[in-house]
Peer 1: 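Have a look at this one.
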Amino acid sequence: MQGNDLAAALDAFLARHSDELIEFRRDLHAYPELANAEHRTTRRVALRLAAVGLRPVILPKGTGLLVDIGSEQDGNSERPVVALRADLDALPLADEKDVPYRSTVPNACHACGHDVHTTVLLGTGLYLAEQAASGLLPGRVRLVFQPAEEAATGALDVLAGGGLASVGRIFALHCDPRLDAGQLGVRSGPITAACDRIQVRVAGPGGHTARPHLTVDLVYALGKIITEVPAALSRRVDPRSSLSLVWGRVSAGTVANAIPDEGIVEGTVRCLDDEAWHSAPDLLKGLIDSVASGYGVHAELTYRRFVPPTVNDQASAAMISAAALGVLGAGSVVHTPQSLGGEDFAWYLESIPGALARLGTRVPGSAASLDIHQPTFDVDERAIGVGIRVMAATAINALWDDGAIVAQPLPGVTGA
Ligand SMILES: [Zn+2]
Ligand SMILES: [Zn+2]
């Protein structure tokens with residue numbers, strides 16, 4: 001089923017299920033759960049999926065779940081699975097909205113729209129289950145309800161648990177209050193940024209400030225690292241990657257006339273492309289060592305990965321775009337800029353192709369400029385039906401599409 005038939009079938013499904021799904025989202029909104037504590041949310045989703053005969057599998061840590069819909073076998077050929085992903089967790093913020101479904105949990109709020117993502121994926125699953133039961137689903141779709149996106153660890157837990165086994169392509173939506181409900185923002189290439197943390201610890205023998213030449217002038221050397229490393233970095237990578245290092249904390253010494261034997265500086269590393277992200281740890285280590293050795297101090301770099309940039313594969317971005325046009329109509333798909341925020345969906349795209357798109361949630365015509373991660377964030381709930389249309393059509397088109405038949409690793413993307 002394609003094109004108009006699919007749009008009509010989705011209309012009929014939504015006419016029957018919209019009220020229930022909006023209620024479902026409001027319930028999640030009223031009972032938000034933080035990263036790795038999404039037990040109630042997991043249970044509610046699992047029960048609803050089980051009620052239509054699906055067999056959800058809860059992830060090993062007890063929150064988050066996977067469910068497969070349809071058959072993987074198509075004749076004799078094994079086709080890769082198409083995965084659709086939602087995230088379940090809320091943010092540690094107080095809900096400042098005055099709505100009946102306002103959060104009932106102190107300091108927990110679905111201010112990033114993950115309640116919408118969860119509901120969209122649940123609705124998509126209910127629709128695809130109907131299709132599969134009627135023999136109309138041309139392959140297998142895996143729904144990935146991952147925990148802990150805000151902690152940037154949930155995707156890694158799904159990967160560690162084998163959640164992408166047999167998956168050839170993966171798609172996700174994220175709420176975007178800068179787009180109207182009814183619109184989808186699509187982009188090929190990087191759509192979110194990388195953000196990592198570093199700590200540099202310098203050490204030397206210490207000594208009297210009267211005799212820096214007999215020891216190592218540690219605070220001076222730390223100052224050189226602080227100013228010279230970010231400057232050198234900007235000359236060592238393509239400026240279009242926007243690889244930047246900004247320090248946030250520094251400490252060394254206890255008294256004016258003693259050279260300390262240790263100092264620490266910490267900061268964040270951000271960048272817009274995957275190649276720069278991969279090269280950043282080695283590059284920084286080399287720069288820090290070369291500055292430190294000039295002053296005789298020993299420098300130790302601790303580089304903590306948070307998330308890579310989310311790099312949408314071109315074919316997958318084209319699939320979600322075509323699917324959305326087919327079920328939402330002309331003018332619904334718009335180009336979206338790269339965000340400087342991080343998104344742990346990026347981890348999936350380090351191993352398989354896929355795409356993340358922006359789901360418009362602004363009330364059309366509204367002058368309000370809401371943003372995600374604000375305590376007043378809310379959505380036009382018509383976005384739920386829009387998201388279900390897009391996800392269902394994308395999965396079905398990707399299963400039909402020849403491009404989805406060959407499971408392949410993501411080629412060396414970026415920097416194009
Ligand atoms: Zn968020
Ligand atoms: Zn989010």
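Remember, it's 1-based here, ligands and their atoms both numbered in the order they're listed. Residue numbers count from 1 along this sequence.
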Peer 1: Does the side chain of Tyr348 pick up a donor-acceptor pair with the side chain of Gln146 at under 3.5 Å?
Peer 2: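 Present: a donor and an acceptor within the cut-off.
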Peer 1: Distances under 2.8 Å only: what protein N/O/S atoms are near the Zn ion (ligand 2), ordered by chain and residue?
Peer 2: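 Under 2.8 Å from the Zn ion (ligand 2) - ignoring waters, which are not counted - the protein N, O or S atoms are Cys112 SG, His114 NE2, His174 NE2.
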Peer 1: Kindly confirm or rule out a cation-pi arrangement of Arg270 over Trp277, judged by NZ or CZ under 6.0 Å from the six-membered ring centre and within 45° of its axis?
Peer 2: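 Pair Arg270/Trp277 does not count as cation-pi.
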Peer 1: Are any of the side-chain nitrogens in Arg48 or Glu23 under 4.0 Å away from the carboxylate oxygens of its partner?
Peer 2: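 No, Arg48 and Glu23 are not salt-bridged.
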Peer 1: Looking just at side-chain N and O atoms, do Asp196 and Tyr303 make a donor-acceptor pair shorter than 3.5 Å?
Peer 2: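 Result is yes, a qualifying pair exists.
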Peer 1: For the pair Phe13 and Tyr127, name the ring-plane relationship: parallel under 30°, tilted 30 to 60°, perpendicular over 60°.
Peer 2: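 Plane angle over 60°, so perpendicular.
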Peer 1: Can you run down the ring-ring contact (aromatic ring centres under 6.0 Å, His included) pairs that involve residues 160-201, sequence neighbours left out, and say none if there aren't any?
Peer 2: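 Counting only pairs at least two positions apart or across chains, the ring-ring contact (aromatic ring centres under 6.0 Å, His included) contacts touching residues 160-201 are His114-His174, His117-His174.
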